[in-house]
2 protein chains.
Amino acid sequence: MTDKKPSAKIQEVLDTLRASGARITALRSSLIGLFIGSSRPLTAAEILAELKKKKLAPNKSSVYRELDFLLELGRIIEIDVLEGMKRYEWQPEHAQHHHHIVCTQCGVVECIELCFNEEELSAKVAKKSGFAVTSHVLEFFGVCADCR
Amino acid sequence: MTDKKPSAKIQEVLDTLRASGARITALRSSLIGLFIGSSRPLTAAEILAELKKKKLAPNKSSVYRELDFLLELGRIIEIDVLEGMKRYEWQPEHAQHHHHIVCTQCGVVECIELCFNEEELSAKVAKKSGFAVTSHVLEFFGVCADCR
DNA sequence: CTTCATGCAAAGTATTTGCAGCGTC
DNA sequence: GACGCTGCAAATACTTTGCATGAAG
C-alpha cells in the first residue's frame, strides 16, 4: 500500500465507513480529516476548537459520540498522559505501537518510537505477576527543546 | 534501618510530622495507617470506604486535602492506571521506582518491580526527542490469575 | 422513509474551593 | 489561644445520557 495525499486517505476512510452503513456527516469527515492531518494526539477540547475554526462548531456531545464511534472501530486510540483529560490519536492501517513524551512546561505531546523489546518485557512481567499481560502504557515526561 | 512493625512505623511518621508543625488528627493517623498497611495503591473512594469501616467517615474534601498534604511532602505518589480516577501509593523511605499491573476484569492493581535499564531507555528517548526527560510512567494491563 | 446523527439540557463522576467552626498543641 | 484541620455546600472540569429533531442514504 503506497502513501496517499491526506485528502485521498480521508476519502478512502469515508468510503469504507459508508460501505459499512455509517452516514458521512460534516462532523465525521472533518474530524477524520483533522486526525489524519495531525501528527499528535488531540483532546476533545482541542478538537472542538479546531472544528470551530473551520466554522463547524459542533456540540461537545457530538464530538464525544464521534470519538466513541471511531474508538469502537479501532480507527483511533485513547491515550492518557496524566493531564486530567484524554487524548485521541489516529491509527493508520499499519500503525506501529509507539509512545509519547509530554513537555511539563508547555504541555506539547509528541510521538516517539522506541526500539527495545517490549514483547520480552511483557513476558517478564507476566511471569513475575501471574497475569496474562494484554497491553501496557509507557509515557515520558520532560522539557522540550523550545522550553529549555 | 531495620524493619518495624506497622504500628511503630506509623508512630515514627507521625512523630516526624508533628515535629514539623503538623497536627496529628484522627484522619491523618488513620490514613497513614491505611497506606502503610496496604500493599496496593488506593483511590480516594477506597480510602473513604475503608475509613468508614473504621467508624471515621471523614468528609471527602478532608480526604482529598490530606492526600494533597502527603503528596507535597512526598510521602505518597500519585499514579494513574487509566481508570478515570487517581490512585495514591505510600512511599517507604527508600522506595524503589516500580510499576503496576491492572487486571482489566476485576480492577485489582498490583505493584511490580522490573529489572531492565530504565535510565538507558530514558537517555535514548532524550536523544530521539530532544527533550530533557525527567520521568516516565509504565503501567501494564492484563488478566489476573484469579480471573482466568 | 428509515435509521443514524445531532443539539440541547441535564445528569454523572472525580476533584477543588470558600468559609465558618472545631481540635491539637 | 493560635493556627492548622474539618465539614459542608457549592463550584469546577471532563464526560455521558435522554430525548426530540434533523439529515443521509
Side-chain angles (χ1 to χ4, degrees), chain A residues 11 13-33 41-52 54-73 75-88 107 109, chain B residues 10-11 13-32 41-52 54-73 75-88 107 109:
Chain A
Q11 204 48 58
V13 174
L14 293 181
D15 288 346
T16 313
L17 292 184
R18 181 164 22 224
S20 73
R23 270 90 198 257
I24 305 310
T25 65
L27 170 57
R28 183 155 295 162
S29 52
S30 302
L31 182 47
I32 291 174
L42 304 167
T43 64
E46 285 170 354
I47 289 168
L48 225 29
E50 284 300 318
L51 293 181
K52 197 170 261 173
K54 298 188 182 170
K55 313 284 179 206
L56 246 185
N59 189 274
K60 60 187 169 173
S61 312
S62 306
V63 170
Y64 280 113
R65 276 193 277 239
E66 193 59 31
L67 290 172
D68 280 345
F69 172 81
L70 295 173
L71 267 176
E72 285 196 3
L73 293 179
R75 292 290 184 162
I76 58 175
I77 55 164
E78 205 174 73
I79 70 169
D80 189 323
V81 290
L82 311 186
E83 299 167 301
M85 57 204 161
K86 292 168 186 164
R87 287 185 175 272
Y88 300 89
V109 178
Chain B
I10 295 168
Q11 205 48 59
V13 173
L14 293 180
D15 288 346
T16 312
L17 292 183
R18 180 161 26 224
S20 71
R23 268 87 197 260
I24 305 311
T25 64
L27 170 56
R28 183 155 295 161
S29 53
S30 302
L31 182 47
I32 291 174
L42 304 168
T43 64
E46 285 169 355
I47 290 167
L48 226 27
E50 285 301 318
L51 294 182
K52 196 171 263 172
K54 299 188 182 168
K55 311 285 178 206
L56 244 184
N59 189 273
K60 61 188 169 173
S61 311
S62 306
V63 170
Y64 279 113
R65 275 192 278 239
E66 193 60 31
L67 289 172
D68 281 344
F69 173 81
L70 295 173
L71 266 176
E72 284 195 5
L73 293 179
R75 292 288 184 163
I76 58 175
I77 55 164
E78 204 175 75
I79 70 170
D80 189 322
V81 289
L82 311 185
E83 298 168 300
M85 57 203 161
K86 293 167 184 164
R87 286 185 175 272
Y88 301 87
V109 178

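Quick note: numbers below take in every heavy atom, side chains included, and nothing from hydrogens, waters or symmetry partners. The chains referred to below are lettered A, B, ... by the order of the sequence lines, with proteins before strands, and numbering in each begins at 1.
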*Asks:* How bent is the helix from C/dC1-D/dG25 to C/dC25-D/dG1, measuring the angle between the end axes built from five pairs each, rounded to 10°?
*Replies:*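 That helix has its two terminal axes inclined by roughly 30°.
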*Asks:* How about A/Lys52: does its NZ atom have over 12 heavy atoms from other parts shown lying under 6.0 Å from it?
*Replies:*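 Result for NZ/A/Lys52: open.
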*Asks:* Shortest non-hydrogen contact from B/Val63 to B/Pro58?
*Replies:* CG2-CG, 3.8 Å
*Asks:* B/Leu14: which residues meet the side chain to side chain contact (heavy atoms under 4.5 Å, CB included) condition with it, sequence neighbours left out?
*Replies:*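 Partners of B/Leu14 by the side chain to side chain contact (heavy atoms under 4.5 Å, CB included) criterion, ordered by chain and then number, come out as B/Ile10, B/Gln11, B/Ile24, B/Ser29, B/Ile32.
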*Asks:* I'd like to check the side chain to side chain contact (heavy atoms under 4.5 Å, CB included) partners of B/Leu73; sequence neighbours left out, ordered by chain and number.
*Replies:* B/Leu17, B/Phe69, B/Arg75
*Asks:* Give the minimum heavy-atom separation between B/Leu67 and B/Ile76, together with the two atoms involved.
*Replies:*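 In this case the closest contact between B/Leu67 and B/Ile76 is O-CD1, 3.5 Å.
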*Asks:* Please encode protein proximity along nucleotides 5-14 of chain C as a string of B, S and -, counting only heavy-atom distances under 4.0 Å.
*Replies:* SBBBB----S
*Asks:* Provide the start and end nucleotides, 5' to 3', of the part of DNA chain D that has atoms under 4.0 Å from heavy atoms of chain A.
*Replies:* D/dC14 to D/dG25
*Asks:* If the condition is side-chain hydrogen bond (donor to acceptor under 3.5 Å, both in side chains), which residues does B/Thr16 pass it with, not counting sequence neighbours?
*Replies:*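 side-chain hydrogen bond (donor to acceptor under 3.5 Å, both in side chains) list for B/Thr16, sorted by chain: empty.
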*Asks:* Is there any salt bridge (charged side-chain N to carboxylate O under 4.0 Å, His left out) pair reaching into residues 59-72 of chain A, and which pairs are they, with sequence neighbours excluded?
*Replies:*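 Matches after skipping sequence neighbours: A/Arg28-A/Glu66.
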*Asks:* Under the side chain to side chain donor-acceptor pair (under 3.5 Å) rule, what pairs show up with a residue in residues 76-85 of chain A, not counting sequence neighbours?
*Replies:*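 Only A/Glu83-A/Arg87 qualify under side chain to side chain donor-acceptor pair (under 3.5 Å).
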*Asks:* What residues, two or more places apart in sequence or in another chain, satisfy salt bridge (charged side-chain N to carboxylate O under 4.0 Å, His left out) together with A/Arg18?
*Replies:* A/Asp15
*Asks:* Kindly give the heavy-atom pair with the smallest separation between A/Pro41 and A/Val109, and that separation in Å.
*Replies:*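 Scanning both residues completely, I find the closest heavy atoms to be CG-CG1, 3.7 Å.
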